[in-house]
Structures are given as C-alpha cells and as structure tokens.
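Beneath this line is the structure, given in structure tokens, with notes to follow.
Computed from a prediction, not measured in an experiment: that's the story for all the values here. Numbered from 1 within each chain, the chains take letters A, B, ... in sequence-line order.
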Number of protein chains: 2
Amino acid sequence: METKKDSTEEKILEAAKNVFVAKGMEGARMQEIADEAGINKALLHYYFRTKERLFEAIFSGIIKLAFPKIMTIVQSEASIVSKIEQIVDAYIDLLIKHPFIPGFVLKELNRDPSGLFKLVVKFGLNPQSVFDQIEQAMDRGEIRRMKPQHLLSNIVSMCVFPFAARPILSFILFKDDPSALEAFYNERATVIKEFVINAIVIKK
Amino acid sequence: METKKDSTEEKILEAAKNVFVAKGMEGARMQEIADEAGINKALLHYYFRTKERLFEAIFSGIIKLAFPKIMTIVQSEASIVSKIEQIVDAYIDLLIKHPFIPGFVLKELNRDPSGLFKLVVKFGLNPQSVFDQIEQAMDRGEIRRMKPQHLLSNIVSMCVFPFAARPILSFILFKDDPSALEAFYNERATVIKEFVINAIVIKK
DNA sequence: GTCTATATCATGATAGAC
DNA sequence: GTCTATCATGATATAGAC
C-alpha cells in the first residue's frame, strides 16, 4: 500500500480504502472516493465496473492481513500456552497498527458474510486441528478443561472487542482522553496474556 | 413493545425496529418500513418527521434495555465477585433474548456515537464509582491487581463479542450448525464466570 | 388523522467526445 | 485513459384532498 507507484489504480484503491473504512459499504459514495483520488466518477467505473467489485477488492485485502499470521503460529511446534501468548501478541500488534479493522469487518460481516466465507474456504483454514491441539493439552493436564470454542472465543473477544467498541471505551472509560486510551491499548497484550494464563493454567 | 395497542404509531415502531435492526440506519428504506407497518411512506413522515428521528426512537429504546439492569447490580451491597457474576448473568440473559443488539449498536456507534453519549449523560452513569469498588477489593487482597478498565473490558468483551461476531462463530467454530451454536450461547454465562474467577480471585 | 400524488434530490452507472 | 454530460432509479419530503 505504501508503494511509490501512484498510478490511477493505486490512487483509487488507496482512496477507496479510506472512504470504505470510514463510511462502510453503504455509507461510502462513489463521488467521495473519486474526489479523494483526485479523479472523476466515470473513471471508477472504468477501473472497477461496479461499487460492489471495488468494495470486494478492499475488503478481502483487509481480511487477508489477519489470517496468515495466525495460521503460522497455530501450525508451529510451540506449547499451547506459548501459542496463545504469540497469538495475543500478533493480534494486538496488528490491531494497534490498524485499529479500524474490527469495526469495519463486524459491520460488513453482519451485512453480508459471504465474502468472509469464501476467504476462509480459500485459505483452507481448519479449526478442527486447533480444537485437537487444545483438547490434547487438556488431556495432559496442562490447562483447565473447557470446550475449545469457549477458550478461543474468550481470547479473541478480549483482543478484538475493545477496538471494535473504541468510541464507548473512549467516552465511558477514559472520558475522551486520547493518551489514556492509547496507553490502555498498549497494555492490552500483557494484560490479556496474564489474564488468560491465570484463568486456564493448572498450578502444580 | 408487546402491548395489544396496535395503533399506527405502535405499528410503525415495531416495523421500524425490525427493519433498522436487519439493515441498519443506512441500509433501512422508508418504503420497507412503511410496507412492514402496512401503511404508506407519507405517514412515516407524519408521525416521525425524518428518518433520523425515527431511528433515534428505536436506537435509544434498545440501548435503554442494557443500562438500568447493570446500574442496579453495581449499586447493590454484594461482594465484587458476586457483582461480577450477577452482571455476567444479566448480560448474557439479555443478549440471548436480543442477540441482534451488539452488532446493531456497534455498527451505529462507529457511524455516529453522539446518541450513546447523550444517553450515558442522561442516565448519570458514573464509572468512577465502579473503578473505586474494584480498587478497594484489590486493596483488601480479594482479587488480583490490575487496572479496573482492563478488568471491565475483559468481562464485557467476553459477554458481547461472540454475539456481535455471530456469523463468524457460526461458520468457523460451528460449521453452520444452529443447535450447536445455540448450546454454546447457553453455556456462555457459566463459562465466563468460571474463567473470570480463576483469572482474578487470589487463592488463600 | 389518514392518504394520494408529486416535487426534489442524490446516487450508481453509462455514452460518447477527445 | 480520461473527461463531460446525462440517464435511470429510488429515496426523502411536502402539498393538499378527504
């Protein structure tokens, strides 16, 4: 995205990303994207035939940021606790760099989930192997017994939700103090890791 | 909402709630609301001058479902652990009855948070007293020390996020098996309470 | 209070000149 | 490839009859 190649297509994609992320698929206006890209509406339709196709190009680009990183960690040889720590670190790091992602993805997902489903299938993501790893760690007595789906939901929830609900946190928890909010996000990885480990690791 | 009073205004509110929740503020069409209420578009403008006003009536009605219940628990005399358990139970109970709320609220919040802010101010919700309660329990050695904002974020995240991300859970964790997903939601309160208590309670 | 008809406007999309 | 001009559609909003 940061390439110096300022071709018309690159300018459109950059402008479209900004507008779609800020306004969502339905709120975004082709006119606004054109203005932001410094061109006119007709050119948008020349490069991307419809608004829907332009949106899909942006949306899948954003979703693809998250998946591969997680997959690599899951498929490594580390212990389950170490994997959880790495995933939390990777997630929070990504979210601090792109804090708009959760709100955007949730919004468009509730509007039309089919785009995500196609991507999940395409990546060949297999949750069963993750469930198995968790079950085996439970069998070995390393962590407390619970349905893997609940454990995964808990971890992902704590990582993602505070970014999706940023306006609430900002106003209710931090009285619109931006530096306090930023500090909070920078502490999240450490806090979540400690919280999860206390919750699931069985003390000997 | 369930009153037998089927005046035009009631019919509009009911129809608008369905359409707004399904499509959001921007996706909702006045024509669709009119059809659903069995009237014509012009009457919508007669009862609620603009789409914005109609939306606000629906949105604040939904937000108001959540706040008072939580406030009552917070202001009670129970121990901090007991309050957490009660809040989780109350939250999950509400969300199982109205699973659409999180997605809807997050979507509209990222679009325009001013409506929520007005309501928070109106309810006189004071987070500082909650922070103080948590700090005092830490001083007494009842629970592990951490910033109250993180503890609250963790609890609310685990309650709310799985409902906001329902399409992801359904597809990735439960392969579109609706009964498994329903069972999962029914287990959430128990799982979250156990998880949080293991994470924060200091064993003697 | 309720409705029909219509004015007004914004948007996504296209045709055709250069 | 890029532009200007324009279309077709659908949405909000209002005027005014009953």
Side-chain angles (χ1 to χ4, degrees), chain A residues 1 3-62 104 107-115, chain B residues 1 3-62 104 107-108 110-112 114-115:
Chain A
M1 291 285 180
T3 59
K4 276 283 167 289
K5 192 186 177 213
D6 51 6
S7 67
T8 303
E9 184 164 346
E10 288 293 327
K11 279 191 293 186
I12 291 175
L13 285 170
E14 181 63 27
K17 193 183 102 182
N18 294 338
V19 176
F20 276 130
V21 160
K23 307 286 179 69
M25 163 68 183
E26 323 220 58
R29 296 294 158 226
M30 293 297 265
Q31 183 63 62
E32 192 176 352
I33 295 171
D35 293 345
E36 182 115 355
I39 56 162
N40 65 40
K41 273 197 303 177
L43 263 195
L44 292 183
H45 291 281
Y46 174 78
Y47 279 94
F48 300 86
R49 218 163 52 74
T50 67
K51 184 185 183 185
E52 186 68 30
R53 282 177 194 239
L54 179 54
F55 176 80
E56 280 165 16
I58 305 297
F59 187 69
S60 59
I62 286 175
F104 179 66
K107 177 191 227 162
E108 300 308 331
L109 224 57
N110 281 299
R111 191 180 63 86
D112 174 17
S114 62
Chain B
M1 291 284 181
T3 60
K4 276 283 167 287
K5 192 186 176 211
D6 51 7
S7 65
T8 303
E9 183 165 346
E10 289 292 327
K11 280 192 292 186
I12 291 175
L13 286 171
E14 181 64 25
K17 194 182 102 183
N18 294 337
V19 176
F20 276 130
V21 161
K23 308 285 179 70
M25 164 67 183
E26 323 218 62
R29 298 293 160 223
M30 295 296 266
Q31 183 63 61
E32 191 175 353
I33 295 171
D35 292 346
E36 182 115 354
I39 58 163
N40 66 41
K41 277 194 301 178
L43 267 192
L44 291 182
H45 293 279
Y46 174 74
Y47 280 96
F48 300 86
R49 214 165 53 74
T50 67
K51 184 185 184 185
E52 186 68 29
R53 282 176 195 238
L54 179 54
F55 176 80
E56 279 166 16
I58 305 298
F59 186 69
S60 59
I62 285 175
F104 180 66
K107 177 192 237 167
E108 301 307 331
N110 281 298
R111 192 180 62 85
D112 174 17
S114 62

Per-nucleotide protein contact string for nucleotides 11-18 of chain C (B base, S sugar-phosphate only, - none; heavy atom under 4.0 Å):
SBBB----

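- Atom CZ of A/Phe48 and atom P of D/dT2 are 12 Å apart (whole Å).
- Residues B/Asn18 and B/Glu14 meet the side-chain proximity criterion, which asks for heavy atoms closer than 4.5 Å.
- Residue B/Asn40 has a polar side-chain atom (N or O) positioned under 4.0 Å from OP1 or OP2 of C/dT4.
- When rounded to the nearest whole Å, the span between CG of B/Leu43 and P of D/dT14 equals 15 Å.
- One N or O on the side chain of B/Lys51 and one on the backbone of B/Met25 form a donor-acceptor pair closer than 3.5 Å.
- Taking atom CD of residue A/Glu10 and atom C1' of nucleotide D/dG1, one finds them 16 Å apart after rounding to whole Å.
- Rounded to an integer number of Å, the gap from CG of A/Leu44 to P of D/dT4 is 14 Å.
- Shown here for B/Ile62 and B/Val21, the closest heavy-atom pair between the two residues is CD1-CG2, 4.0 Å.
- Counting only residues at least two apart or in different chains, salt bridge (charged side-chain N to carboxylate O under 4.0 Å, His left out) contacts with residues 28-38 of chain A comprise A/Lys23-A/Glu32.
- Taking atom NZ on B/Lys11 and atom C1' on C/dG1, their separation rounds to 13 Å, with Å as the unit.
- Side-chain atoms of B/Asn110 and A/Phe104, non-hydrogen and from C-beta on, never get closer than 4.5 Å to each other.
- Rounded to whole angstrom, the span from the CZ atom of B/Phe55 across to the P atom of D/dT12 amounts to 14 Å.
- Inter-residue side-chain proximity for A/Phe55 and A/Phe48 is flagged as unmet; no heavy-atom pair is nearer than 4.5 Å.
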